[in-house]
Amino acid sequence: VKDVKVGIVGASGYSGAVCAAILSRHRELELAFATSDKAAGEPLAPRLGLPDDVCKLQLLPHEAAEALAKDVDAVVLATSAELSMGLALKLAEHTRVVDLSGAFRLDAASYPKWYGFEHRAVPALDEAFYGLPDLFGAPPKEARIVANPGCYATAALLAIAPLFRDELAFSDRVIIDGKSGVTGAGRKSDEAYSFVELAEDVRAYRVGAHQHTPEIARYLHRYVHGVRPRVTFTPHLLPLRRGLVVTAYMTARDDATTEKVQASLAASYEGAPFVRVVPVDRVRAHDVAGTPFALVGATVTEGTIVSICAIDNLMKGAASQAVQNLNLWLGCDERAGLDSLPRFAP
Ligand SMILES: NC(=O)c1ccc[n+]([C@@H]2O[C@H](COP(=O)([O-])OP(=O)(O)OC[C@H]3O[C@@H](n4cnc5c(N)ncnc54)[C@H](OP(=O)(O)O)[C@@H]3O)[C@@H](O)[C@H]2O)c1
């Protein structure tokens, strides 16, 4: 039995299950409870592909979470943004909360437009820490809620933030294309996500309306004060299970070269255990699927910087990033639970 305990609300969903699988084998943290209404009473191990002695938990109904939160050091919320908003407030009275949703990433005024609801937890929203450790470091000890970044926002910010900070990118706008596998949409069923509609297809969605657009703009500005380019972001759905790639385009300063932009990325991520800088044509979803890594690389062509980042949307885009945040917040080795994962994808 380990001393530091963590619970998960929404462990039947894609990102919650991946997080449960990581925490079940974590050497310093113990997964103490996991919830699902639909699968309440079922053992968790078979759902995660783990031996029974590695994970002995049964899924509990969501309503059990509030009482159980009193006995754990942190809870991960793998729930929709509207649910997380209320749940995080309740649970943060008893413990630390890492929220995978977008409920604590924007300012209150942005919620009706980008998420379709009014924010009803404004003080908590103002105090939440944006947990992108490779750019913003460890959550402060006194924080109660860590907003785990969005999957596209993680990849986009990793690709562009150092280049604006080092003034190699010099634009009043940044154009970002995103491509994601279908697990990015969660376990929901809907005609648009049926096999026949998805297979052999590529389509843009939520053009001009994706909620990660203001998130990218907000945290780029927080990372590089004074820099506030307008963000055009177009996500695309690909017939992959896992994996996400963003390609960002920025105007290059006159003397910017491929060597300089790669050096800027390399210097930025020198101490980041899960960000690897590689030549731009080596950035691919295949190499990060099932891993906690981001691959990033950039080049300069015709006065434009093209910077590309690939992550697994369920790992660095959600669950492994949440574990990185937990590790840093709870005083564990940043790499614990993440440095010896079997790769899930071939
Ligand atoms: N998928 C990704 O790539 C990704 C990446 C980054 C962030 N996220 C964010 O992570 C969150 C979860 O996404 P997902 O894709 O893992 O979703 P998902 O597969 O649709 O799972 C949703 C989870 O929410 C639970 N839930 C439903 N109603 C609930 C309630 N009333 N109280 C508590 N839990 C409830 C479900 O449990 P039941 O078994 O009871 O239905 C299920 O475990 C979302 O906010 C999403 O935006 C997802």
Side-chain angles (χ1 to χ4, degrees), residues 7-22 33-42 44 47-48 58-66 68-69 75-91 97-106 111 114-117 130-132 145-157 178-190 193 206 210-212 215 235 237-238 240-246 285 288-290 292 294 310-325 344:
I8 299 181
V9 177
S12 56
Y14 289 151
S15 52
V18 172
C19 198
I22 297 170
F33 72 85
T35 75
S36 159
D37 278 354
K38 285 201 187 122
E42 285 184 26
L44 190 53
R47 301 177 73 91
L48 307 180
Q58 280 192 347
L59 286 158
L60 300 173
H62 299 306
E63 65 181 13
E66 197 174 347
L68 292 167
V75 170
V76 175
L77 297 181
T79 44
S80 69
E82 205 161 357
L83 275 173
S84 281
M85 178 177 59
L87 277 172
L89 265 197
K90 268 197 245 166
L91 300 184
V97 173
V98 175
D99 178 31
L100 297 191
S101 87
F104 293 92
R105 300 180 196 148
L106 303 180
Y111 279 88
W114 296 98
Y115 280 87
F117 61 82
Y130 189 69
L132 184 42
I145 298 176
V146 167
N148 212 59
C151 46
Y152 285 120
T154 294
L157 287 164
K179 294 132 195 137
S180 174
V182 186
T183 50
R187 202 187 268 275
K188 68 173 146 244
S189 59
D190 182 22
Y193 296 96
R206 278 192 235 166
H210 195 282
Q211 67 277 13
H212 293 177
E215 186 180 330
L237 194 59
L238 298 190
L240 305 174
R241 285 165 187 252
R242 298 168 74 149
L244 174 161
V245 175
V246 300
V288 290
I311 59 172
D312 181 327
N313 53 294
L314 293 177
M315 292 288 281
K316 185 66 178 159
S320 73
Q321 181 129 280
V323 174
Q324 236 181 306
N325 278 314
F344 301 122

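First listed ligand is number 1; within each ligand, the first listed atom is number 1. Numbering of residues begins at 1 and proceeds along the displayed sequence. In what follows, every heavy atom counts, from backbone to side chain, and hydrogens, waters and symmetry copies are set aside.
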Is there a nitrogen or oxygen of [X] sitting under 3.5 Å from a nitrogen or oxygen of ligand 1?
X: Gly10; result: yes
X: Gly13; result: yes
X: Thr35; result: no
X: Arg187; result: yes

Is there a protein heavy atom less than 4.0 Å away from atom 47 (O) of ligand 1?
->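 Neighbour list for atom 47 (O) of ligand 1 is empty of protein heavy atoms (cut-off 4.0 Å).
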Nearest-contact summary for [atom] - protein heavy atom, Å:
atom: atom 11 (C) of ligand 1; value: Thr79 O, 3.3 Å
atom: atom 22 (C) of ligand 1; value: Ala78 O, 3.9 Å
atom: atom 43 (O) of ligand 1; value: Ser12 OG, 2.7 Å
atom: atom 15 (O) of ligand 1; value: Gly186 CA, 3.0 Å
atom: atom 8 (N) of ligand 1; value: Leu100 O, 3.9 Å
atom: atom 28 (N) of ligand 1; value: Leu83 CD1, 3.6 Å
atom: atom 3 (O) of ligand 1; value: Asn313 ND2, 2.9 Å

Tell me yes or no: between the side chains of Tyr152 and Glu215, is some donor less than 3.5 Å from an acceptor?
->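 Distance-only check fails for Tyr152 and Glu215.
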Donor + acceptor pair across side chains of Arg206, Gln211 (<3.5 Å) |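 The answer is yes; a qualifying pair exists.
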Give the atoms of ligand 1, by number and element, whose distance to some non-hydrogen atom of Thr183 is under 4.0 Å.
->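 The atoms of ligand 1 under 4.0 Å from a heavy atom of Thr183 are 1 (N), 2 (C), 3 (O).
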Quick one: which of Gln211, Arg242, His62 has a heavy atom closest to atom 34 (N) of ligand 1?
->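 Nearest option to atom 34 (N) of ligand 1, by heavy atoms: His62.
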Option nearest atom 14 (P) of ligand 1 (shortest heavy-atom distance, choices Ser15, Gly16, Pro61) =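 Minimum heavy-atom distance to atom 14 (P) of ligand 1 goes to Ser15.
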Got more than 12 heavy atoms from elsewhere within 6.0 Å of CZ, Arg47?
->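 Yes, because the 6.0 Å sphere around CZ of Arg47 holds more than 12 heavy atoms from other groups.
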Counting N and O atoms only, with roles assigned by atom type, does the side chain of [X] sit under 3.5 Å from a partner on the main chain of [Y], one being a donor and the other an acceptor?
X: Ser84; Y: Ala103; answer: no
X: Asn313; Y: Arg242; answer: no
X: Arg187; Y: Ser12; answer: yes
X: Asn325; Y: Gly131; answer: yes

Matching residue for Cys19 among Asn148, Val76, Val98, Leu314 - test: side-chain contact (heavy atoms from CB on, under 4.5 Å) =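 Per the side-chain contact (heavy atoms from CB on, under 4.5 Å) rule, the option paired with Cys19 is Val76, out of Asn148, Val76, Val98, Leu314.
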Gly150 near ligand 1, heavy-atom distance under 4.0 Å?
->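 It does not; every heavy atom stays at 4.0 Å or beyond.
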Going by heavy atoms in the side chains, are Met315 and Ile22 under 4.5 Å from each other?
->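 The answer is yes; the side chains approach within 4.5 Å.
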Taking the side chain as every heavy atom from C-beta outward, state whether Ile8 and Val75 have any atom pair closer than 4.5 Å.
->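 Not touching, per the 4.5 Å side-chain cut-off.
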